[in-house]
Structures are given as structure tokens and as C-alpha cells.
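So the structure is just underneath, and the comments pick up after that.
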Amino acid sequence: MTCDPVRFGVVGLGRAFMLMLPGFRADPRVKLVAAAAPREQSRNAFEAEFGGRTYADIKGLCADPEVEAIYVATPHQFHCAHVIAAAKAGKHVLVDKPLSVSMEDGTAMVSAAREAGIHLIVGPSHSFDGPVAQARALIDSGALGRVRMIQALNYTDFLYRPRRPEELRTKEGGGVLFSQGVHQIDIVRLLAGGLASSVTAMTGAWDPARPTEGAYSALLDFQGSAFASLTYSGYAHFDSDEWMGWIGELGHPKSPEAYGGARKALQAVDTADAEAALKSTRTYGAGEAPPAASHHEHFGPIIVLCERGDLRLTPTGLHVYDNFEKSFRPAPVLRFPRAEVFDAVVNAVRGNRAPAQTGAWGLATLEVCYAILEAARTGTSVALNHQIAAADGAPHPIAEER
């Protein structure tokens with residue numbers, strides 16, 4: 001079935017937009033018609049490539065009658081104000097992860113979307129990745145029985161990539177949990193059944209020059225007896241892409257010889273302003289978008305243990321280990337980067353079919369992030385509430401299976 005392209009406006013033309021740009025360029029089902037950004041250089045580049053209109057802030061974007069949906073790609077601390085403004089203007093919203101910096105802001109965002117009757121989708125997160133959906137479909141088939149345990153690991157150089165000051169302050173949404181943990185939590189929640197019941201965790205903040213959490217390890221107990229262990233380190237030593245065939249997170253081949261590159265780049269940066277300026281070189285109008293990926297994106301090694309077999313997720317497909325034999329199931333053909341995110345947006349806006357990753361889903365994931373911090377601080381298990389998420393049955397149909 002064909003339909004008119006979803007007319008998108010974008011607020012924020014920084015790194016998040018750059019990572020979505022290959023998909024926007026490739027997908028005929030969406031059309032960029034407007035953008036809002038404070039940098040004139042980025043606005044000029046947008047007009048040169050896409051035409052349309054640009055604005056210095058979100059107010060003009062929300063008032064633009066041609067815009068149907070807004071991609072909120074601004075820094076974390078602006079998500080709440082921008083999502084609520086878009087919702088009040090009647091625009092559907094795709095907001096970059098995490099949903100918000102605080103639970104209070106996230107609750108307000110979900111409520112604003114419901115009151116306005118618009119779709120609020122949180123992404124892209126790696127829970128949209130093709131092999132994750134492939135694994136979920138195999139679980140849904142019942143061939144391997146119920147999920148019993150999940151192990152998710154990822155070791156990266158995240159903490160040593162160029163950062164703005166607030167990205168190194170936990171209270172402002174900095175650290176690995178809010179930028180990276182949401183990916184891992186989203187994937188595990190999707191595969192395990194939706195809502196976790198409790199969290200036990202430890203975190204690590206081991207570099208005084210980067211004074212925020214750079215690592216965590218958590219144990220999640222899910223409704224219905226499944227449990228999952230999640231481990232992440234962004235301290236730029238061991239690189240778990242070694243275990244993924246040297247395919248990077250964004251689906252590109254990478255060289256083991258590039259080891260230490262992030263730390264080396266920071267050696268020439270001696271102030272926070274200089275580091276923020278280095279990051280700005282990766283924004284739209286100042287740098288190039290990533291080239292087209294040759295593989296699906298991923299978020300490190302993931303193993304799903306079921307009653308009658310195990311699954312191992314890779315960027316190229318699933319390794320399946322059942323009671324009597326092992327096999328490999330190739331991933332769906334990669335159409336273009338983050339095609340599944342665009343599928344979700346088009347299905348929501350044109351077909352009124354929401355994906356799992358709604359605002360309520362994003363709020364439940366954010367609650368897990370805060371529970372990890374609290375469990376690490378107190379040394380106790382933290383029970384999860386999920387009031388809004390539990391009341392919103394539509395995004396969590398898989399929870400009923402457990």
C-alpha cells in the first residue's frame with residue numbers, strides 16, 4: 001500500500017540527527033520539510049539539501065502547518081519542553097532516547113501526548129534493530145519455549161568520545177545509563193516480556209576527569225520468572241565488537257588497529273569548551289553523516305536462554321542452539337539504516353498502529369535507569385512501580401505471555 005510521505009520537522013541538527021540522516025535520505029515514505037536549530041550553519045545546510053523552512057527555535061516549527069511529525073533530536077535536558085510543545089501543536093513525535101532526564105518530566109510528556117491524541121515514539125533505540133525483532137518473532141513462535149534468562153554485554157569507548165559538560169553530570173542526564181543503558185534495557189525488556197519487577201545493581205565511576213557513571217552491572221527480575229543480567233562499560237579498554245566480528249554498533253566494519261582512538265583524540269583537548277567544540281564538528285552542516293552501513297546495527301553480545309534452546313544475536317542474524325542441533329538464521333535484508341524506526345513512525349502516523357516503544361515504554365525504561373542508580377547507592381534491590389506503563393496496556397502485549 002502506498003501513501004503520502006510523512007512530513008517531518010526536526011528540532012536539533014546535531015549528532016542525533018546525523019545518525020538518522022542516512023535513513024531520512026533513503027526512505028521515500030518520509031519527507032523533511034522543516035527544521036529548527038540555533039546554529040545558522042546547520043539551518044543553511046538543511047535548506048540547501050532539503051529546501052523547506054528553518055527556524056531558530058521550536059516555536060516556529062510547531063506553528064508550521066506542513067509539519068505532521070517532529071523528530072526531537074535535541075540534548076536530553078530539552079526533550080520535555082520540546083515534546084510537550086509539539087504535542088500541544090498536534091504534531092506526532094519521535095523523540096530521541098532517553099525519553100527525558102527525570103521521571104517527573106517523562107510523566108508530563110506521556111500525559112501531554114495522551115491529552116493531545118498524538119503518537120509519542122521513543123527512538124531510535126537498538127530495540128528496533130532487525131535481529132532483535134527477528135529474535136522476538138522466534139520467541140513469539142513458541143518453538144523454543146518461554147524465555148528464562150538473558151545476558152547482555154557491551155564494552156565501548158563511550159565515555160571518551162567528545163562530550164558537552166552536562167553529559168558528564170549524572171543529574172543532568174549524563175553518564176552511560178541515560179545515553180547507553182536505555183539501549184540495553186530496551187532490548188532486554190522487549191525480549192524478556194516488557195515490564196521488570198525489581199533491579200539489583202552496581203555502578204562504576206572510576207575516572208575523576210569524567211565524573212559520572214562509566215560502567216554498571218544489573219540484574220533484572222521480570223514479571224513471570226524470567227531474569228536478565230546487563231553489563232556495560234564505556235571506559236575504552238576492551239572492545240566487545242571483537243566478539244561481534246569487528247562490526248561496529250552502527251553496522252560498519254571496524255579495524256582492531258583503531259584501538260585507543262577516542263582517548264588519543266581527547267589528548268589534544270584541554271578545556272570543557274574545547275571538548276564541546278570538538279563534538280560540534282560532528283553536527284549537520286559541519287561534518288559528514290555516517291556512510292551507508294553494510295550490516296544491521298547492534299548493541300553488543302546478547303544471549304537469550306529459553307526452555308528448549310538458546311539464541312545469540314549478531315548483526316548478521318541469529319545463532320540458534322536447540323536441544324539437538326545448532327543453526328544460523330540470516331537477518332532480514334538491510335534496506336537502509338534504521339528502517340525499522342521509520343516503519344514504526346509511518347505505521348503510527350498513517351496506520352494508527354503504535355510500536356512497543358511508546359512514551360509509556362520509554363518511561364518504564366527510564367525508571368529502570370533510576371532503579372540501577374538507586375540499587376547501586378543503597379546496596380539493596382529496588383522494586384519497580386511502572387504506574388503509567390502498567391496502565392497503558394497497548395505497548396506491552398508481550399508481558400501477557402509470561
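Each residue takes its place number in the sequence, starting with 1.
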For this session: Count the heavy atoms of every other residue, nucleotide or ligand shown that sit under 6.0 Å from NZ of Lys31, and state whether that count exceeds 12.
Result: no
For this session: Apply side-chain contact (heavy atoms from CB on, under 4.5 Å) to Asp343 and Val341, showing your working.
Result: CA-CA 5 Å; Asp343 290 344; Val341 179; over 6 Å; no
Problem set entry | Partner residues of Ala56 under the side chain to side chain contact (heavy atoms under 4.5 Å, CB included) criterion, sequence neighbours left out | Arg43
Exercise. For Trp243, does its backbone N or O pair with a side-chain atom of Ser240 as donor and acceptor, under 3.5 Å?
Worked result: no
For this session: Would you confirm whether His298, through its side chain, and Ile247, through its main-chain N or O, come within 3.5 Å as a donor-acceptor pair?
Result: yes
For this session: Locate the shortest heavy-atom distance separating Pro75 from Glu166; write the atom from each residue and the value.
Result: CB-OE2, 4.3 Å
Exercise. Is the closest side-chain heavy-atom distance between Thr107 and Glu104 below 4.5 Å?
Worked result: no
For this session: Write down the atom of Ser233, the atom of Ala215, and the distance for their closest heavy-atom approach.
Result: CA-CB, 4.0 Å
Determine all donor-acceptor pairs shorter than 3.5 Å in which one atom belongs to a side chain in residues 168-185; sequence neighbours excluded.
residue : atom : partner : partner atom : Å
Arg169  : NE   : Glu172  : OE2          : 2.7
Arg169  : NH2  : Glu172  : OE2          : 3.4
Thr170  : OG1  : Thr212  : OG1          : 2.8
Thr170  : OG1  : Glu213  : OE1          : 2.6
Gln180  : OE1  : Tyr232  : OH           : 2.7
His183  : ND1  : His126  : N            : 3.1
Gln184  : OE1  : Tyr216  : OH           : 2.6
Gln184  : NE2  : Ala152  : O            : 3.4
Gln184  : NE2  : Thr231  : O            : 3.1

Problem set entry | Ring-face cation of Arg163 near Phe158 (centre distance under 6.0 Å, axis angle within 45°) | yes
For this session: First locate atom CG of Leu219, then atom CG of Asp221, and finally report the distance between them rounded to the nearest 0.5 Å.
Result: 7.5 Å
For this session: First locate atom CG of Leu153, then atom OH of Tyr155, and finally report the distance between them rounded to the nearest 0.5 Å.
Result: 5.5 Å
For this session: Could you tell me whether the side chain of Arg7 and the main chain of Glu66 form a donor-acceptor pair under 3.5 Å?
Result: yes
For this session: Report yes or no: does Tyr235 contribute a side-chain atom to a donor-acceptor pair with the main-chain N or O of Trp206 at less than 3.5 Å?
Result: yes
Problem set entry | The single option from Glu49, Gln41, Arg39 passing side chain to side chain donor-acceptor pair (under 3.5 Å) against Tyr284 | Glu49
Problem set entry | Side chains of Arg29 and Val6 in contact at under 4.5 Å (non-hydrogen atoms) | no
For this session: Could you tell me whether the side chains of Asp239 and Trp246 share a donor-acceptor contact shorter than 3.5 Å?
Result: no
Exercise. Charged N to carboxylate O under 4.0 angstrom, Lys326 versus Asp322?
Worked result: no
Problem set entry | Any Leu230 side-chain heavy atom under 4.5 Å of Val188 side chain | yes
For this session: Flag the pair Pro124 / Lys97 as yes when at least one side-chain heavy-atom distance between them is below 4.5 Å, and no otherwise.
Result: no
Exercise. Does Thr271 reach the main-chain N or O of Ala274 with its side chain, forming a donor-acceptor pair under 3.5 Å?
Worked result: yes
For this session: Report yes if some heavy atom in the side chain of Asp96 is under 4.5 Å from a heavy atom in the side chain of Arg15; otherwise report no.
Result: no
Exercise. Do the ring planes of Phe50 and Phe46 sit parallel (below 30°), tilted (30 to 60°) or perpendicular (above 60°)?
Worked result: tilted
Problem set entry | Short side-chain donor-acceptor distance under 3.5 Å, Asn352 and His119 | yes
Exercise. Looking at Gly359 and Val122, what are the two nearest heavy atoms and their distance?
Worked result: CA-CG2, 4.0 Å
Seminar exercise, completed: For Leu318 and Pro131 the tightest heavy-atom approach is CD2-O, 3.7 Å
Exercise. Between Glu275 and Arg161, does at least one N-O distance fall below 4.0 Å, as a salt bridge requires?
Worked result: no
For this session: Look at Asp64 together with Arg53 and state whether they make a salt bridge at an N to O cut-off of under 4.0 Å.
Result: yes
Problem set entry | Note, Asp105 side chain near His79 side chain (heavy atom, < 4.5 Å) | no
Problem set entry | Heavy-atom check, side chain of Leu120 versus side chain of Thr358, under 4.5 Å | no
Problem set entry | Candidate pair Phe328 and Thr316, rule side-chain contact (heavy atoms from CB on, under 4.5 Å), full reasoning | CA-CA 9 Å; Phe328 177 73; Thr316 57; 3.6 Å; yes
Problem set entry | Side-chain heavy atoms of Ser100 within contact of Met109, under 4.5 Å | yes
Exercise. Are Arg148 and Glu307 ion-paired here, with the side-chain N under 4.0 Å from a carboxylate O?
Worked result: yes
Problem set entry | Atom pair NE2 (His252) and CG (Asp241), whose distance is rounded to the nearest 0.5 Å | 12.5 Å
Exercise. Any ion pair linking Arg335 and Asp27 (charged N to carboxylate O, less than 4.0 Å)?
Worked result: no
Problem set entry | Residue Met202 excluded, over 12 heavy atoms near CE under 6.0 Å | no
Exercise. So Asp310 and Val304, side-chain contact (heavy atoms from CB on, under 4.5 Å) or not? Walk me through it.
Worked result: CA-CA 6 Å; Asp310 301 339; Val304 184; over 6 Å; no
Exercise. Is any side-chain N of the basic residue among Arg263 and Asp157 closer than 4.0 Å to the acidic one's carboxylate O?
Worked result: no
Problem set entry | Backbone of Leu138 reached by a side-chain donor or acceptor of Ser141 within 3.5 Å | yes
Problem set entry | Distance in Å, Leu191 CG paired with Ser127 OG, rounded so as to fall on 0.5 Å steps | 9.0 Å
Problem set entry | Atom pair SG (Cys369) and CG (Leu99), whose distance is rounded to the nearest 0.5 Å | 10.5 Å
Seminar exercise, completed: With sequence neighbours left out, the residues meeting salt bridge (charged side-chain N to carboxylate O under 4.0 Å, His left out) with Glu297 are Arg338
For this session: Please determine which of Tyr71, Phe24, Phe8, Phe128 meets the ring-ring contact (aromatic ring centres under 6.0 Å, His included) test together with Phe342.
Result: Phe24
For this session: Please lay out, stage by stage, how Leu220 and Ile150 fare under the test side-chain contact (heavy atoms from CB on, under 4.5 Å).
Result: CA-CA 10 Å; Leu220 274 61; Ile150 299 174; over 6 Å; no
Seminar exercise, completed: The reported gap from CD1 in Ile302 to CD in Gln151 (rounded to nearest 0.5 angstrom) is 11.5 Å
Problem set entry | Heavy-atom pair with the smallest gap, counting every atom of Leu13 and Ser42 | CD1-O, 3.7 Å
For this session: Work out which heavy atom in Cys62 is nearest to a heavy atom in Ile70; give both atom names and the distance.
Result: SG-CD1, 4.1 Å
Problem set entry | Trace of the salt bridge (Lys or Arg N to Asp or Glu O under 4.0 Å) decision for Glu68 with Arg350 | CA-CA 11 Å; Glu68 293 181 272; Arg350 291 286 178 259; 2.8 Å; yes
